[in-house]
Amino acid sequence: MSNFEDQLRAALQRQEPPRGFADRVLERTGRESADRLAPARRPRRMWAPVWGQLWWGPLWRIGAIAATLTVVSFSVTTYQHTREERAARQAELALRIAAEKLNLARDHVLRNLALPKDN
Amino acid sequence: MKRALLLLGMAVLAPVVPLSAQIQIGLDQLASKAKETVDITLDGAMLQMAGKFFSGGKSDDSKAKNLLANLKAISVKNFEFAQEGQYRQEDLDPIRAQLKAPGWSKILGDRSDKETSEIFTKSDGTRITGFAILAAEPKELTVVYIEGAIDLADLAQLGGRFGIPPGVVPDGKGKRNKDKTKGDQ
């Protein structure tokens with residue numbers, strides 16, 4: 001047998017693991033799984049706790065909701081008022097033209113009736 | 001098979017045909033020739049909206065509000081031309097044809113060589129439920145169509161409101177602060 005074959009056999013020979021190897025592997029595997037499953041933590045900024053506290057505080061929340069409602073309500077009211085005003089202006093003009101033409105036709109008829117027949 | 005085709009045809013045409021037989025004024029081709037155009041179309045919802053705007057505090061506002069409350073639609077087209085001959089009497093014929101429908105009657109027709117005034121009303125037997133005016137002058141053409149219960153005496157009284165005292169515009173030539181308007185649809 002050559003020296004090479006001896007070396008190969010020695011290298012492939014079954015060896016018992018050192019004591020405690022299995023426990024260490026299991027322990028390490030468990031730790032890595034736990035790290036992988038845990039959510040990634042974002043680095044917290046300095047103001048984050050303060051802002052969070054303020055935002056979620058009842059006063060700010062109520063204030064923000066009230067302000068939003070006020071702005072929305074004002075916008076809706078203004079839009080509605082503008083539409084009503086525009087419709088009123090158009091209705092006003094339409095009725096005015098209708099009335100004017102009605103009176104004009106009536107005046108024509110009255111004028112014709114008032115004309116002497118021999119004229 | 002024929003029945004199915006008929007139903008299919010009705011389904012296709014249903015959105016095109018208006019449910020109520022409202023008068024279609026048309027005349028859009030005249031807008032390009034006109035110096036000034038007033039084109040107002042207000043449906044029931046818009047009239048209700050307009051009625052809210054009139055406070056009712058003044059007697060005139062109250063009259064206008066009451067008048068609008070019973071109306072379902074108003075359409076007004078008014079064209080003012082720079083010169084004569086920009087429209088033909090025949091342009092009004094499609095409208096006249098619609099006003100021959102059952103329920104409509106011509107209560108006034110005044111024709112001179114250059115001017116024409118025609119008033120049509122629709123009645124349900126007890127009250128006027130529709131009203132139309134065709135007024136053709138040499139340089140002005142006006143078509144008014146009002147759908148809904150209306151008292152013509154109340155309407156005539158409104159001729160003097162909106163800042164114009166009665167009698168200022170008896171011949172239709174008074175100053176009108178006419179907005180160039182395209183009506184909301």
Side-chain angles (χ1 to χ4, degrees), chain A residues 50-119, chain B residues 38 40-42 45-54 64 67-68 71 74-78 108-110 112 115-119 131 133-135 137 142-146 150 152 154-164 166-167 169-174 176-179 181 183-184:
Chain A
V50 178
W51 170 248
Q53 224 171 11
L54 287 174
W55 177 247
W56 293 110
L59 198 63
W60 272 84
R61 204 168 10 176
I62 291 168
I65 291 168
T68 308
L69 286 177
T70 306
V71 169
V72 169
S73 167
F74 179 75
S75 305
V76 168
T77 308
T78 307
Y79 175 69
Q80 188 71 13
H81 187 266
T82 308
R83 285 191 70 193
E84 282 174 11
E85 187 181 1
R86 190 176 175 190
R89 228 185 306 127
Q90 290 192 331
E92 183 182 309
L93 180 61
L95 289 177
R96 182 151 57 91
I97 292 172
E100 184 187 313
K101 295 300 168 189
L102 178 64
N103 289 331
L104 178 67
R106 188 193 57 191
D107 290 348
H108 275 181
V109 171
L110 291 176
R111 203 177 300 147
N112 288 345
L113 288 175
L115 285 174
K117 286 187 178 176
D118 57 348
N119 199 358
Chain B
V38 175
I40 298 172
T41 302
L42 297 169
M46 294 291 282
L47 289 170
Q48 296 289 325
M49 208 182 281
K52 284 181 197 168
F53 199 79
F54 291 108
L67 200 66
L68 289 175
L71 300 186
I74 296 182
S75 293
V76 171
K77 287 203 179 184
N78 174 269
L108 190 148
D110 180 53
S112 64
E115 295 188 9
T116 305
S117 295
E118 293 168 88
I119 298 179
F131 169 70
I133 300 179
L134 310 182
E137 296 162 64
T142 307
V143 179
V144 176
Y145 165 64
I146 295 176
I150 186 167
L152 294 187
D154 286 348
L155 178 63
Q157 281 180 3
L158 287 180
R161 65 168 254 101
F162 306 130
I164 300 179
V169 284
D171 58 356
K173 305 290 188 231
R176 286 193 315 219
N177 181 23
K178 205 182 282 182
D179 296 333
T181 313
D184 279 5

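The sequence lines fix the lettering, A, B, ..., with proteins before strands; numbering per chain opens at 1. Model, not experiment: these values are computed from the prediction.
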Margin query: Test of understanding: with side chain to side chain contact (heavy atoms under 4.5 Å, CB included), list the residues that count as partners of A:Thr82, not counting sequence neighbours.
Written below: A:Thr78
[X] to [Y] - nearest heavy-atom pair and separation:
X	Y	result
B:Phe53	A:His81	CE1-NE2, 3.6 Å
A:Ala98	B:Ile133	O-CD1, 3.5 Å
A:Ala91	B:Ala50	CB-CB, 3.9 Å
A:Ala105	B:Ile119	CB-CD1, 3.7 Å

Check: Can B:Glu137 and A:Leu104 be said to form a side-chain contact (heavy atoms from CB on, under 4.5 Å), step by step?
Finding: CA-CA 11 Å; B:Glu137 296 162 64; A:Leu104 178 67; 3.8 Å; yes
Margin query: I'd like to know which of B:Leu152, B:Leu47, B:Val76, B:Thr116 tops the heavy-atom pair count under 4.5 Å against chain A.
Written below: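 Ranked by contacts with chain A, first place is B:Val76.
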At what distance, to the nearest 0.5 angstrom, does [atom1] of [X] lie from [atom2] of [Y]?
X	Y	atom1	atom2	value
A:Leu102	B:Ile146	CG	CD1	9.0 Å
B:Ile40	A:Leu93	CD1	CG	4.0 Å
A:Lys101	B:Leu134	NZ	CG	12.0 Å
A:Leu95	B:Asp154	CG	CG	11.0 Å
A:Gln80	B:Met49	CD	CE	5.5 Å

Note to self: Determine whether A:Arg83 and B:Met46 satisfy the following criterion, side-chain contact (heavy atoms from CB on, under 4.5 Å), listing intermediate values before the conclusion.
What the structure shows: CA-CA 9 Å; A:Arg83 285 191 70 193; B:Met46 294 291 282; 3.8 Å; yes
